[in-house]
Peer 1: 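Dumping the structure here so I can ask a few things about it.
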Protein chains: 2
Amino acid sequence: MSRRELDPRKELILKVVTDDYIESAEPVGSRTIARKYNLGLSPATIRNEMADLEEGGYLKQPHVSAGRIPSHQGYRYYVDALMSQQDLTEEELAVIRSYFADRSRELDSILQQTVKILSQLTRYPSLMLGPTLKPSIFKHVQLISLSAHDLLVLIVTDMGIIENKVIALEAPVSQGDLDRVSYLLNKKLRGQPFAKFKSSLFREIRDEMKADNGIFQKAVDLILKTMETRNKERIYLDGIINILDHPEFKEVEKFKLLMELMEEEERLYRLLSTRQQGIRISIGEENQEEAAQECSLITANYEVGGQVVGTNGVIGPTRMEYAHVVSVVDFMAQKLSEFLSKL
Amino acid sequence: MSRRELDPRKELILKVVTDDYIESAEPVGSRTIARKYNLGLSPATIRNEMADLEEGGYLKQPHVSAGRIPSHQGYRYYVDALMSQQDLTEEELAVIRSYFADRSRELDSILQQTVKILSQLTRYPSLMLGPTLKPSIFKHVQLISLSAHDLLVLIVTDMGIIENKVIALEAPVSQGDLDRVSYLLNKKLRGQPFAKFKSSLFREIRDEMKADNGIFQKAVDLILKTMETRNKERIYLDGIINILDHPEFKEVEKFKLLMELMEEEERLYRLLSTRQQGIRISIGEENQEEAAQECSLITANYEVGGQVVGTNGVIGPTRMEYAHVVSVVDFMAQKLSEFLSKL
DNA sequence: GTTAGCACTCGCAAAAGGCGAGTGCTAAGC
DNA sequence: GCTTAGCACTCGCCTTTTGCGAGTGCTAAC
C-alpha cells in the first residue's frame, strides 16, 4: 500500500491531526496543534503543511473556516504507516484471559459472550461470524421423534451442536427405528472430519440404509442434505448502543441506516465473510455495504487447526480508535482460536 | 376499572382526541376536531368539554397555546372503554396463517420468526418470552463426549431442543459408557411431563446409577440439576428500529434508554413475565421499568394444553395504535398456542 | 524555509421578531 | 341553560439578524 510517500514532518502532522480528531471529534486547527503538541512549529508553518496535505488528499476541511479532518485516504495512510501500536492494558488482558479460563459452556453461548466482551472492551458495536463446519469433527447425530410425523435431527461436532432441524415425515416411525438409524449413521461417521464428507460417502450410507429399511429413504436423504449444505453460519452481535456515544450518529437517520444493516443477517454476512488471514481494516468507502460507508470495520479471522473458520470484529465511525481496537480484536481472535482448538 | 364515568359527549371527544393524536403525533385543538370530524359541535363547545376533560385528568396540554393530548389516565380510559375493535385485515390474517402452516422448523427459529412477523405487522418493536419447560413432555436426553473431559448434555422436549450444556468431567469416559447412561435415563424419563419431575424421581435414578457405575455420579448429578433448575427462558426481540419512526424518539437519548433496556435480558424478563391470562396493556408509568415509562406495552400469554407457557408482545410509545396492536398480539398468541399444542 | 501580522470567511449560538394555532372568557342567541 | 360567535391574549416555533470566534490564506519580513 501507500507508505513512506510523505516526508517525516507531514507524517507527523497527519498523525497528530488524526489522533486529535479521533479523540475530540472536532476538526483540528493549526493553532490547536501548535499549542497542544509542542512540535516546535508555528501555526503558520503547520498551516502550510496542512494545506499541502489537503492538496495531496490526506486531509479535508468540512468548511472553509474550520480545522482539518482526515480524509479516507488520510485514515488509510495513518492505519498503514503512522498508527502507534497500543498494547492492551493489564485489566483488558485479565478480562479476556479469565473469560477464556472458564470452559464449561456450550458453543453458542461462548460466542455470544465473546462478542459481548469485545464490545465492552472496545466500546463499539461488535460482530462475529460463527464457525464453519468444515474443520470440525463429526461427533454425533441423533434422530428424535417429537410426534408421529415430526423428527428432530441433531448434529453435534467436537465444538458443540451445530445443527438442529425438525423434519416432517410422511409415514410415522417409532423411536426404536430412529435409534437404529442414528446408530448406523454414528457408526459410519463418528470421528470423521467434516471436510472429508463427500457425496460418495453419503451415497454409500444411503445404499446401506435402503437395504435396511426403505421407509427411511426420504428422511435419510434429508439428513444427508442437511449435513452437506448446512445453513449460513450464525451471526452474533452486541453493544450496538455504543455507537450512539459518537456524535456522527446523533442524527437518528444515520443511526437508523446502520441499525437496519444490523438487523439483516444477509448483509452482515457479506460484510464479514472473507477467508483472508490476519487483521483486516476497511475504512469508509472501502466497504461495499453502503450503510457502512461512513464507518470503519476492523475484523480478524479466528482459526481451528490452522484453518480459518470464522470472523470477529468491530464496527465504528471512521473516526475510530484504530490502534486500540486492532489490538483487542486481534488478541480476541487469537484467544478464541486457541480456545476452540483445544476443544 | 374506570369506565362509564364520563358522559357520552365527553367520551366522544376523548376518543376523537386520542385517535387523532395517535395518528398525527400532534396535540389536537378544538378547531381541528370541529373541522375534521363533523361532530355537529362548534370549536367553542369542544373547548369547554376539553377543559372539563383536562380538569378530570384525562387530557393535558403540553403548553398553554397548544392543543390537547391524552394523559395516561386518558389512554387508560380509552383502552378500557372507548377503543373501537379493529379486526385484522385479510392480508394480515393470511400472513400469520401461512406462516404457521409451514411446520418443519425447530422451536428456536419458530420463535425467532414469530417475533419478526409480529414486528412487521405492528411496525413496533416486539418481544417474546420463550416457553417454560413445565408443561412439556420429556423426549430425550443424550450425553455426547466432545473430548476426553468434556461432555455435551442435550435435553429434548416434545417442542424441540430446550437445553444443551457442556459439562467438564474429572475422569475421562468413553462414548460407549455415555450411551449406556443416556439409555438408562431415557428409559426412566421418556414420555414424562416435566411438571412431574420431582426430587424423589431424581434420587431414585441417581441411586440406580450409583450401583451401576460410580464415576458417573458427578455427571449425573449435574445433569439432574440442569433439569431441575433450568436457565431463564430465552428472550426474542425484533424490529427495534421501528421505534425510530416515531417522533417521541427522535432525540437519541430517549432511544438510548430504551435500547439499553433491550440489551438487558434480566430487565426484559421482569418486564414481560407474568402468568396473568389474556391480553395485558401497561400504559406509561404503569410499567415498573423506568426506561419504559414513556412507552406502552401490550402483551398476551400463549399456552400449551391450557397452561400459560410464555408471553409475546409489542412495545411502543404511549401514543400507540392500541386497537390494531391488541388484535395482532392477541391473534398471534392464539395461533402460537395452537401451533405449539399441536406439536 | 519559517513566522508574524492581518484581512477575510463562515459556521454557530444567541437574540429578536413575527406568525399562527390554540386558548379562555364574555356576551348574545336558541 | 346549553351553545356559539367574537375577541384579546398566550406562547411555542420558525425565520431572520447579529456578533463572536476559530480558523484560514496571503504577504512580507526575518
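Numbers restart at 1 for each chain; the letters A, B, ... are given by sequence-line order, proteins then strands. Because the structure is predicted, anything quoted here is derived from the model rather than measured.
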Peer 1: Within this structure, what is the CD1-to-C1' distance between A:I33 and D:dA22, rounded to whole angstrom?
Peer 2: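 Atom CD1 in A:I33 sits about 14 Å away from atom C1' in D:dA22.
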
Peer 1: Just how far, in rounded Å, is C1' of C:dC6 from CZ of A:R31?
Peer 2: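 In whole Å, C:dC6 C1' and A:R31 CZ are 14 Å from each other.
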
Peer 1: Nearest whole Å is fine: how far is C:dG11 P from A:E26 CD?
Peer 2: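 My rounded result for the distance is 15 Å.
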
Peer 1: Could you note down all residue pairs passing salt bridge (charged side-chain N to carboxylate O under 4.0 Å, His left out) where residues 12-26 of chain A supplies at least one of them, sequence neighbours left out?
Peer 2: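 Every pair satisfying salt bridge (charged side-chain N to carboxylate O under 4.0 Å, His left out) with a residue in residues 12-26 of chain A: A:K15-A:D19, A:D20-A:K36.
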
Peer 1: Could you note down all residue pairs passing salt bridge (charged side-chain N to carboxylate O under 4.0 Å, His left out) where residues 241-253 of chain B supplies at least one of them, sequence neighbours left out?
Peer 2: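 Qualifying pairs: A:K256-B:D245, B:E248-B:R319, B:E251-B:K254.
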
Peer 1: If I take atom CZ in residue B:R68 and atom P in nucleotide C:dA21, what distance separates them, rounded to the nearest angstrom?
Peer 2: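 The answer, rounded to whole Å, is 17 Å.
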
Peer 1: Could you list by number each residue of residues 41-55 of chain B showing a heavy-atom separation from DNA chain C of less than 4.0 Å, or answer none if no residue does?
Peer 2: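 Under 4.0 Å from DNA chain C: B:R47, B:M50.
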
Peer 1: Does A:R35 put a side-chain nitrogen or oxygen below 4.0 Å from OP1 or OP2 of D:dA22?
Peer 2: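 So the side-chain polar atoms of A:R35 never come under 4.0 Å of the phosphate oxygens OP1 or OP2 of D:dA22.
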
Peer 1: Mind checking side-chain contact (heavy atoms from CB on, under 4.5 Å) for A:A34 and listing every partner two or more places apart, or none if nothing turns up?
Peer 2: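 So A:A34 forms a side-chain contact (heavy atoms from CB on, under 4.5 Å) with A:P43, A:I46.
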
Peer 1: For A:H72, give me all partners under ring-ring contact (aromatic ring centres under 6.0 Å, His included), at least two apart in sequence or on another chain.
Peer 2: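 By the ring-ring contact (aromatic ring centres under 6.0 Å, His included) rule, A:H72 matches no residue at all.
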
Peer 1: Identify whether the distance between the nearest side-chain nitrogen and carboxylate oxygen of A:R76 and A:E286 falls below 4.0 Å.
Peer 2: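 Between A:E286 and A:R76 there is a salt bridge, with a charged N closer than 4.0 Å to a carboxylate O.
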
Peer 1: For A:N48, which residues count as a side-chain contact (heavy atoms from CB on, under 4.5 Å) partner, sequence neighbours excluded?
Peer 2: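 Partners of A:N48 by the side-chain contact (heavy atoms from CB on, under 4.5 Å) criterion come out as none, since no residue qualifies.
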
Peer 1: Mind grabbing the angle between the end helix axes of the helix from C:dG1-D:dC30 to C:dC30-D:dG1? Five pairs an end, 10° rounding.
Peer 2: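 For the helix from C:dG1-D:dC30 to C:dC30-D:dG1, the axes at either end differ by 20°.
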
Peer 1: For nucleotides 8-16 of chain D, just jot down a letter per nucleotide in 5' to 3' order: B, S or -, based on protein non-hydrogen atoms under 4.0 Å.
Peer 2: --BBS----

Peer 1: What integer distance in Å separates A:Y21:OH from D:dG23:P?
Peer 2: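 From A:Y21 OH to D:dG23 P: 14 Å.
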
Peer 1: Check the distance between D:dT3's P and B:L39's CG and give it to me in whole angstrom.
Peer 2: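 Checked: the CG to P distance equals 13 Å.
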
Peer 1: If the condition is ring-ring contact (aromatic ring centres under 6.0 Å, His included), which residues does A:Y21 pass it with, not counting sequence neighbours?
Peer 2: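 In terms of ring-ring contact (aromatic ring centres under 6.0 Å, His included), with neighbours along the sequence ignored, A:Y21 is linked to no residue.
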
Peer 1: Quick one: which residue pairs count as a ring-ring contact (aromatic ring centres under 6.0 Å, His included) with a foot in residues 247-267 of chain A, not counting sequence neighbours?
Peer 2: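 For residues 247-267 of chain A: A:F255-B:F255.
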
Peer 1: Tell me the interatomic distance from A:Q61, atom CD, to C:dG11, atom P, rounded to whole angstroms.
Peer 2: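 Computing the A:Q61:CD to C:dG11:P distance gives 11 Å.
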
Peer 1: Rounding to a whole Å, what distance do you find between B:I13:CD1 and D:dC2:P?
Peer 2: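 One finds 15 Å between P of D:dC2 and CD1 of B:I13, rounded.
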
Peer 1: Listed by chain and number, what are the side-chain contact (heavy atoms from CB on, under 4.5 Å) partners of A:V252, not counting sequence neighbours?
Peer 2: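 side-chain contact (heavy atoms from CB on, under 4.5 Å) check on A:V252 returns B:L244.
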
Peer 1: Checking B:E54 now: which residues fulfil salt bridge (charged side-chain N to carboxylate O under 4.0 Å, His left out) with it, not counting sequence neighbours?
Peer 2: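 Scan of B:E54 (salt bridge (charged side-chain N to carboxylate O under 4.0 Å, His left out), adjacent residues dropped) gives B:R68.
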
Peer 1: At their closest point, which heavy atom of A:D238 faces which heavy atom of A:S119, and how far apart are they?
Peer 2: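 Smallest interatomic distance, heavy atoms only, reads OD1-OG, 3.2 Å.
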
